Trainee: 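I have a structure here, written as structure tokens, and I will follow up with some questions on it.
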Amino acid sequence: MRSNARGMREKFRAGIDYLEAVTELLQRVRNAHPTFGLYQAAELQFWWSVARSTDSFDQLFWFDDRDRSVAAVTVTDFSHGASLVYQRPTIVVTVMPDASPAWVAHVVQRGLAHLDEHEIRGVELEADRNDDVMRNVLRGHGFTIKGEAVVECWMEAKARPEISALHHGYRLCTRLETMDRPHHLAGEGRADREERLQQTSLYRPDLDLVILDGDDNPAAHGMFWYDPVTSTGVVEPMRTRDEHQQRGLARHVLTAGIDLLARAGAQRISIGYEPDNPASSHLYRSVGFVPHRRTDTWARLR
């Protein structure tokens with residue numbers, strides 16, 4: 001533990017303790033500002049659903065004199081590599097909306113120094129195209145833009161669309177109705193995915209939707225997250241299998257999930273898509289999502 005110029009205390013959190021700490025921090029950010037920051041707590045909770053080499057890593061947080069988390073630099077390995085030294089993991093820099101440029105610079109510098117101590121130099125992160133403070137800090141640490149990352153969109157729940165019709169021969173189920181079978185995301189050697197989802201505080205099986213075809217095989221799915229602390233809904237992830245495309249399944253999952261989120265109490269709902277994915281862009285905008293920000297991926301080589 002170390003103190004800095006603002007009197008904050010540095011602490012490390014790993015495993016499920018990290019997840020609880022970053023969830024609390026992201027919820028504090030969202031309650032302080034309706035759109036500040038690039039991530040919702042539910043997104044990092046979804047990342048937890050896959051075992052990663054970063055699960056046991058000491059993640060860096062700052063706490064104030066009331067023991068509330070106020071900033072963090074956390075790292076997630078999406079490559080599932082055996083060693084972080086040889087990967088390029090993703091870092092997330094989180095600060096409160098009132099953070100000064102000097103504080104942002106300090107948090108980034110200390111976070112990168114912590115990674116350097118573990119020989120983790122090659123990293124990536126997202127930054128808002130309009131966040132000149134973060135962009136200048138990243139340039140000062142040798143980061144360069146790798147490419148476009150995500151278009152972040154929001155919807156007011158009260159403006160949600162009607163639920164679209166479901167194509168003949170399919171049926172929509174929640175995870176509560178399919179507990180007698182493996183989870184539809186449990187493939188690819190990830191049999192423990194549902195167990196890890198259950199470790200999170202925001203996952204709800206009644207908001208975990210899957211469309212089954214006439215043979216009861218998964219055709220499309222969407223996971224919807226409701227955060228009662230922030231009254232925010234998040235859509236993460238969505239997918240329609242290739243052989244079931246062009247049948248309106250994604251629209252049905254999306255509109256049904258949005259309706260469930262609104263009924264659960266969500267006031268605003270977030271979703272993101274990659275700029276080079278016109279199908280997602282058209283679908284999300286057509287149901288009422290409004291683009292809010294665009295982000296770029298920045299990378300630092302080893």
Side-chain angles (χ1 to χ4, degrees), residues 13-52 54-55 59 61 68-70 72 74-76 78 90 92 94 96-97 126 150 152-157 160 173-179 183-186 190 192-210 221-239 253-273 284 289 292:
R13 295 286 185 269
I16 200 68
D17 292 334
Y18 140 76
L19 188 63
E20 293 174 354
V22 78
T23 293
E24 177 190 357
L25 173 57
L26 289 169
Q27 288 172 331
R28 292 193 66 225
V29 170
R30 184 55 57 242
N31 280 332
H33 191 283
T35 58
F36 181 85
L38 304 186
Y39 296 93
Q40 316 306 317
E43 293 177 274
L44 272 68
Q45 292 206 359
F46 175 67
W47 296 358
W48 181 260
S49 68
V50 175
R52 307 181 189 278
T54 42
D55 286 352
Q59 309 278 13
F61 288 83
R68 300 176 302 179
S69 54
V70 296
T74 57
V75 57
T76 302
F78 289 100
T90 295
V92 173
T94 307
M96 296 298 293
E126 285 184 40
V150 170
E152 178 188 306
C153 303
W154 286 90
M155 172 193 291
E156 297 290 337
R160 67 188 184 277
C173 300
T174 71
R175 180 55 184 157
L176 291 176
E177 300 169 276
T178 61
M179 293 298 291
H183 193 279
H184 47 274
L185 294 182
R190 299 173 181 174
D192 65 339
R193 193 156 200 174
E194 185 160 30
E195 178 183 351
R196 293 180 66 92
L197 282 169
Q198 294 288 357
Q199 293 172 0
T200 70
S201 62
L202 299 178
Y203 172 73
R204 285 176 44 169
D206 60 321
L207 298 178
D208 187 355
L209 306 184
V210 60
H221 62 258
M223 195 173 293
F224 300 82
W225 302 74
Y226 170 57
D227 188 340
V229 175
T230 64
S231 298
T232 299
V234 177
V235 185
E236 172 74 10
M238 278 192 57
R239 182 196 170 198
V253 169
L254 181 58
T255 54
I258 290 171
D259 187 70
L260 288 173
L261 286 174
R263 293 176 184 277
Q267 297 178 9
R268 306 178 77 246
I269 302 168
S270 171
I271 199 169
Y273 66 87
Y284 300 157
F289 280 101
H292 175 71

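Only a predicted model underlies this, so the values are computations on that prediction, with no experimental measurement involved. When a residue number appears, it is its place in the shown sequence, counting from 1.
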Trainee: Which atom names give the shortest non-hydrogen contact between Ala262 and Ala157, and what distance separates them?
Mentor: CB-CB, 4.0 Å
Trainee: Parallel, tilted or perpendicular, judged at 30° and 60°: which one describes the rings of Phe78 and Trp47?
Mentor: perpendicular
Trainee: Can you confirm whether Arg263 is buried at CZ, in the sense that more than 12 heavy atoms of other residues, nucleotides or ligands lie under 6.0 Å from that atom?
Mentor: no
Trainee: With a 3.5 Å cut-off and no angle check, do the side chains of Ser49 and Arg193 form a donor-acceptor pair?
Mentor: yes
Trainee: Between Val92 and Tyr39, does the side-chain contact (heavy atoms from CB on, under 4.5 Å) criterion hold? Intermediate values first, please.
Mentor: CA-CA 9 Å; Val92 173; Tyr39 296 93; 3.6 Å; yes
Trainee: Please tell me if the side chains of Val29 and Phe36 come closer than 4.5 Å, counting only heavy atoms from C-beta onward.
Mentor: yes
Trainee: If you measure from CG on Leu19 to CZ on Arg196, what distance do you get to the nearest 0.5 Å?
Mentor: 9.0 Å
Trainee: Mind checking the CG-CZ spacing from Leu185 to Arg239? Nearest 0.5 Å is all I need.
Mentor: 9.0 Å
Trainee: Considering the options Val253, Ile271, Ile269, which one meets the side chain to side chain contact (heavy atoms under 4.5 Å, CB included) requirement together with Phe224?
Mentor: Val253
Trainee: Measure the CD1-CG distance between Ile16 and Asp55 for me, rounded to the nearest 0.5 Å.
Mentor: 9.0 Å
Trainee: Return the set of residues passing salt bridge (Lys or Arg N to Asp or Glu O under 4.0 Å) with Arg28 (not counting sequence neighbours), or none when no residue passes.
Mentor: none
Trainee: Taking Gln267 for the side chain and Glu156 for the main chain, is one N or O donor matched with an acceptor at less than 3.5 Å?
Mentor: no
Trainee: Heavy atoms, side chains only, cut-off 4.5 Å: are Ser270 and Thr35 in contact?
Mentor: no
Trainee: Less than 3.5 Å apart, any donor N or O on the side chain of Asp208 or His183 sitting next to an acceptor on the other?
Mentor: yes
Trainee: Is the closest side-chain donor-acceptor distance between Trp154 and Glu152 under 3.5 Å?
Mentor: yes
Trainee: Is Arg160 salt-bridged to Asp259, cutoff N-O under 4.0 Å?
Mentor: yes
Trainee: With side chains defined as the heavy atoms from C-beta onward, is the minimum distance between Thr94 and Leu26 less than 4.5 Å?
Mentor: yes
Trainee: Looking at Pro34 and Arg268, what are the two nearest heavy atoms and their distance?
Mentor: O-NH1, 3.1 Å
Trainee: Using modelled atom types and a 3.5 Å cut-off, is there a donor and acceptor pairing between side-chain atoms of Glu177 and backbone atoms of Thr174?
Mentor: yes
Trainee: Phe46: what forms a ring pair (Phe, Tyr, Trp, His ring centres under 6.0 Å) with it, not counting sequence neighbours?
Mentor: none
Trainee: Hey, what do you get for SG (Cys173) to CE (Met179), rounding to the nearest 0.5 Å?
Mentor: 13.0 Å
Trainee: Residues in ring pair (Phe, Tyr, Trp, His ring centres under 6.0 Å) with Trp48, at least two apart?
Mentor: none
Trainee: Checking the side chain of Arg30 only, and the main-chain atoms of His33 only, is there a donor and an acceptor separated by less than 3.5 Å?
Mentor: yes
Trainee: Please give me the minimum heavy-atom distance between Thr23 and Ser201, naming the atom from each residue.
Mentor: CG2-OG, 4.2 Å
Trainee: For Phe61 and Ala72, work out which heavy atoms get closest and say how close.
Mentor: CD2-CB, 3.5 Å
Trainee: Classify the ring geometry between Tyr284 and Phe289 as parallel (under 30°), tilted (30 to 60°) or perpendicular (over 60°).
Mentor: perpendicular
Trainee: Within the side chain of Thr232, is there an N or O that forms a donor-acceptor pair under 3.5 Å with the backbone of Thr230?
Mentor: yes
Trainee: Minimum heavy-atom separation for Asp227 to Ala41, with atom names?
Mentor: OD2-CB, 4.1 Å
Trainee: For a 4.5 angstrom cut-off between non-hydrogen side-chain atoms, does Thr90 reach Val75?
Mentor: no
Trainee: Output yes when Arg175 and Glu194 qualify as a salt bridge under the 4.0 Å nitrogen-oxygen rule, no when they do not.
Mentor: yes
Trainee: With heavy-atom distances below 4.5 Å as the criterion, would you say the side chains of Glu20 and Leu25 are in contact?
Mentor: no
Trainee: Can you tell me how far apart CZ (Arg204) and CE (Met223) are? Round to the nearest 0.5 Å.
Mentor: 13.5 Å
Trainee: Is a side-chain N or O of Trp225 found less than 3.5 angstrom from the main chain of Glu236, in a donor-acceptor match?
Mentor: yes
Trainee: Which pair of heavy atoms, one from Met96 and one from Ala32, lies closest together, and at what distance?
Mentor: CE-CB, 4.0 Å
